[in-house]
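Nothing fancy with the numbering, it's 1 onward along the sequence. Just so you know, these numbers use all the heavy atoms, side chains as well, and skip hydrogens, waters and symmetry mates.
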Amino acid sequence: MMQPYLYLLLWFTGAHSLDKFRGPLFEVTCSRGALSCEATSDCGFGNINEDLPELLLTNLTTSTILYCEKNTCFPCIRVQLTASLAVENNSSLDEIGSGYEESSDEDYNEGWVEISTSQPEGGITLCAEVKIQFILSKSRPMATVELSCFRAAMSSEVRVKASTNSGVLQTTHKMEDCTLQDFLENFEWCKVPKLNITLEKELQVAVVEIPHNYCMMFKHEVLPAFESQNQLDGDKLEMTTVYRNFSDIVPCLCIESWSTTIEDARRRKLCPFSDAEFQGNVWQLSRLAVEYKGKALQWTLSSPCNMSGEIMLCSKSGDGEFCHEIPHSRQNFQVNKISEFKSVDPHPSLCVKIISGEHVNLSCPFDGDVSSLWKVESKLKRSDVVMTIIHEINHMNFSICIMEGNKCEHFLQKIDQVNQRTKQIDLISQECLQIWRSDVKFSPRIIVCPFEMYARARWAPLMVLSLIPIVAVIAILMVKKEILKGCTEVIKWDYNATPTGSPRKILLLYSVDHSQFENLVSTFATVLADLNIKVVLELWKRREIGIQGTLPWFHSQKADIVEQGGKIIILFSKGASIKCNAWLNSSGDSETLSDPYDGFMAALNCALPDVTKGNVSGNYVVAYFEDLLNKAYIPEIFRKMPIYSLPSQVPEFLQEIGLPAKCVSDQKKHGCPSNISSRLSNDIKECQKWEDSHSTGFRDLKKFENVSKEQHERDALIRLPLTKIKNLSIV
């Protein structure tokens, strides 16, 4: 048997259970001091008046209980108070009690108490009147009254007031929230789903699972709010399983979940992703947007998480990454908020630098802008260098200084005004100069070095003349030793050599079955790029896709390929075959069997309309790795395109995608197919090992092998275009 002190311990630690009251509401009980008690659920009938004996109230207390009707319970407040008849002195009590030894039914006095509760947040007021009949005795009549109960909302503050004809008592009751165990067990509103989150490191995806009749929402814990380009974010997702790429996860990504069967259901928020593993993605998903308005450069650093750091303007010299900070432009930044630099010169050399911890980002918004407002030209005139400043706006002002080490001294030489838009200087000094606009607050500083120009102009001819004898001597020695003969044999098409002519452009579509297969695709794309083929690969364009959105990006790339006469390569794998076959053979009313946010499925949304209409001639090519996939698993609808097995049909594949025939034949002579095979072999073996150890992931593949051509075509005609991919739209 549990000891009494253990009950007390459980009570004070919150491990006790609440009383369950089953009604009726406003049931009242009194202690021995009262003959009887009655309660009514309404007030304002004038029962409390001055003609009745005065009641004194003390010890007003409240407690939380559960009011239950059948199988449903609600939070409720039980009120307790002490009431006594007010008398002037004990002698009056003696007079009242004299002349009899036992009290009869008529020997009593009655009093009325009005008890009310008020919830300011909901504007809810409840009231009850209690009549107490006191037994007359020589001592002061006193009774303890307990009223059950007043319904109240969870987490609310309820004002409780008890009134009689002699005064008022008040107290405030704080109703508990869903953290109370009794509420969790008895109130449906308090129940929240349990999320199951699995990090599949080999596939580089997080799998979030939720029970039926619940939904979830991905949100970033950052203020101001982050406008995510990921179509999983910000919307209610009613699917029970969601896949999210590791590249789209940041530490402040949280998941809200709640019931779909309860109106205004309680939500549970969970932020399960650690800082260390996904911190690097914060910068990958951040972007800087700039807009030049008037003379101000407005900027917004969009980021999924809070960051601290500094932003500044700088002037970039040449093609290097070094950028000189423009004085007085440095300021602290706040993410997801529009800020600006006032009075800015929009010169192509002007850049924006962001520093946050060890991360440095450099963006040059006007780089490549041919409509620069001003430029500097230098040319040699006899023995002097003439520098000309040409500007598009009248009366632009400029400042010049002479660079001496880390200092820049004021330039004292006179600047000649040729006309309203041209200024000219005959440079006497051979030191480097800095030139910038002085009529704006922030302008890049252009560096001009007259000595370098003078030196090149003077010494270049002499250097050419001095090199001629050296080249002649080397040529004679080579001829003498018959080295030239060997060289002529070497100067042939080599696998590593780049074919002449403009590069052909291809768009490579693939399914991310696992990380090893993605490595294989990356190696294959690199091999093609080495052959002067311009490869567009989702893996290499993740940041660009994050800005545009998956589906709009694939549509724009497809349009570019068609316009430039390139090729769209559909690289089939086991995962790609499963996704295509599952979709083609699903019922018309069924849900999408593949992840609707998968890049491969989004790409097929662009390609399948052409495939089903037969508009594939010259634009589409199918390829597969023979060691990883049986050709029979490629859906019939794609077999009207050229299909190539890799790496055995590499030469034919290269010729199909536009490599010149001579290059292909030269590659065969020099063992190009074997070189490509050797570069792919290690990645193919790694894929085979992974797929052998995860064979259950592809168990659904064989059931699609014998699907007839007629069935494929019939299903495709029913479902195209691919409008079943939910939450995707063409922008």
Side-chain angles (χ1 to χ4, degrees), residues 192-211 214-260 265-289 300-309 333-337 354 356-359 361 512 515 518 538-539 541-551 553 595-599 601-602 726-728:
V192 291
K194 182 179 179 182
L195 294 177
N196 183 27
I197 301 174
T198 307
L199 299 181
E200 297 285 353
K201 295 192 176 182
E202 291 185 348
L203 296 176
Q204 292 290 289
V205 295
V207 183
V208 184
E209 296 175 302
I210 195 171
Y214 289 95
C215 58
M216 71 180 88
M217 179 186 294
F218 289 94
K219 298 179 71 175
H220 295 90
E221 285 292 292
V222 60
L223 288 176
F226 171 63
E227 295 183 5
S228 173
Q229 301 296 320
N230 193 313
Q231 294 170 351
L232 282 174
D233 296 336
D235 292 328
K236 181 173 73 172
L237 305 175
E238 296 188 7
M239 56 191 73
T240 56
T241 304
V242 173
Y243 301 90
R244 192 176 184 101
N245 292 329
F246 277 8
S247 58
D248 297 327
I249 297 175
V250 290
C252 63
L253 181 66
C254 299
I255 308 171
E256 285 188 359
S257 54
W258 67 96
S259 172
T260 57
R266 175 176 173 243
R267 299 192 178 196
R268 179 184 185 183
K269 184 171 71 174
L270 183 66
C271 305
F273 305 108
S274 65
D275 287 356
E277 189 167 4
F278 301 106
Q279 185 64 42
N281 290 341
V282 176
W283 270 99
Q284 297 297 325
L285 296 176
S286 299
R287 59 187 183 274
L288 178 67
T300 304
L301 177 60
S302 299
S303 175
C305 299
N306 281 315
M307 294 191 298
S308 60
F333 66 74
Q334 181 181 353
V335 298
N336 307 325
K337 180 182 178 182
I354 299 174
S356 178
E358 298 179 355
H359 295 276
N361 178 268
V512 185
S515 58
E518 195 165 39
E538 176 201 4
L539 177 64
K541 301 289 185 178
R542 291 270 167 87
R543 183 177 179 84
E544 187 177 310
I545 293 173
I547 295 173
Q548 294 184 22
T550 305
L551 197 57
W553 184 83
D595 179 5
Y597 308 101
D598 180 272
M601 296 303 291
K726 297 181 179 180
N727 298 325
L728 296 180

Before you tell me yes or no, could you show the steps for Tyr243 and Leu203 under side chain to side chain contact (heavy atoms under 4.5 Å, CB included), namely the whole-Å CA-CA distance, both residues' side-chain angles and the distance that decides it to 0.1 Å? CA-CA 11 Å; Tyr243 301 90; Leu203 296 176; over 6 Å; no
Run Leu237 and Phe218 through side chain to side chain contact (heavy atoms under 4.5 Å, CB included) and show every step you take. CA-CA 9 Å; Leu237 305 175; Phe218 289 94; 3.8 Å; yes
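- Between atom OG of residue Ser308 and atom CZ of residue Phe333 there is a gap of 6.5 Å, rounded to the nearest 0.5 Å.
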Between Tyr214 and Leu195, does the side chain to side chain contact (heavy atoms under 4.5 Å, CB included) criterion hold? Intermediate values first, please. CA-CA 10 Å; Tyr214 289 95; Leu195 294 177; over 6 Å; no
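- For residues 192-209, no pair satisfies salt bridge (Lys or Arg N to Asp or Glu O under 4.0 Å), with sequence neighbours left out.
- Contact detail for Ile249 and Asn245: the closest heavy-atom pair is CG1-O, 3.4 Å.
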CA sep, side-chain torsions, deciding dist, call: Cys254, Cys271, disulfide bond (SG atoms under 2.5 Å apart): CA-CA 4 Å; Cys254 299; Cys271 305; 1.8 Å; yes
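- For the pair Val282 and Ser303, the minimum side-chain heavy-atom distance is below 4.5 Å.
- With rounding to the nearest 0.5 angstrom, the CG atom of Asp235 is 11.5 Å from the SG atom of Cys215.
- With Thr240 contributing its side chain and Ile210 its backbone, the two residues share no donor-acceptor pair below 3.5 Å.
- Atom OG in Ser257 sits 9.5 Å away from atom CZ in Arg266 (nearest 0.5 Å).
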When you look at Glu518 and Gln204, which way does the side chain to side chain contact (heavy atoms under 4.5 Å, CB included) test go after all the steps? CA-CA 11 Å; Glu518 195 165 39; Gln204 292 290 289; 5.9 Å; no
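- Residues meeting the side chain to side chain donor-acceptor pair (under 3.5 Å) test with Ser259, sequence neighbours left out: Thr261.
- The structure places NE2 of His220 at 10.0 Å from CG of Asn336, a figure rounded to the nearest 0.5 Å.
- The stretch residues 225-234 participates, sequence neighbours left out, in these salt bridge (Lys or Arg N to Asp or Glu O under 4.0 Å) pairs: Asp233-Arg244.
- The OG atom of Ser302 sits 11.5 Å away from atom CG of Leu285, with the distance rounded to the nearest 0.5 Å.
- Here Phe246 pairs with Phe278 under the ring-ring contact (aromatic ring centres under 6.0 Å, His included) rule; sequence neighbours left out.
- The two residues Pro224 and Val335 have their closest heavy-atom pair at CD-O, 3.5 Å.
- Under a 3.5 Å cut-off, the side chain of Ser228 and the backbone N or O of Asn230 do form a donor-acceptor pair.
- Using a 4.5 Å heavy-atom threshold, the side chains of Leu199 and Phe273 count as touching.
- With sequence neighbours excluded, the residues satisfying salt bridge (Lys or Arg N to Asp or Glu O under 4.0 Å) with Glu238 are Lys236.
- Atom CG in Leu301 sits 8.0 Å away from atom CG in Asn361 (nearest 0.5 Å).
- Applying the side chain to side chain contact (heavy atoms under 4.5 Å, CB included) criterion to Glu256, with sequence neighbours excluded, gives Lys219, Trp258, Arg267, Lys269.
- For the pair Ile197/Leu270, a side-chain contact is recorded, criterion being any heavy-atom separation below 4.5 Å from C-beta on.
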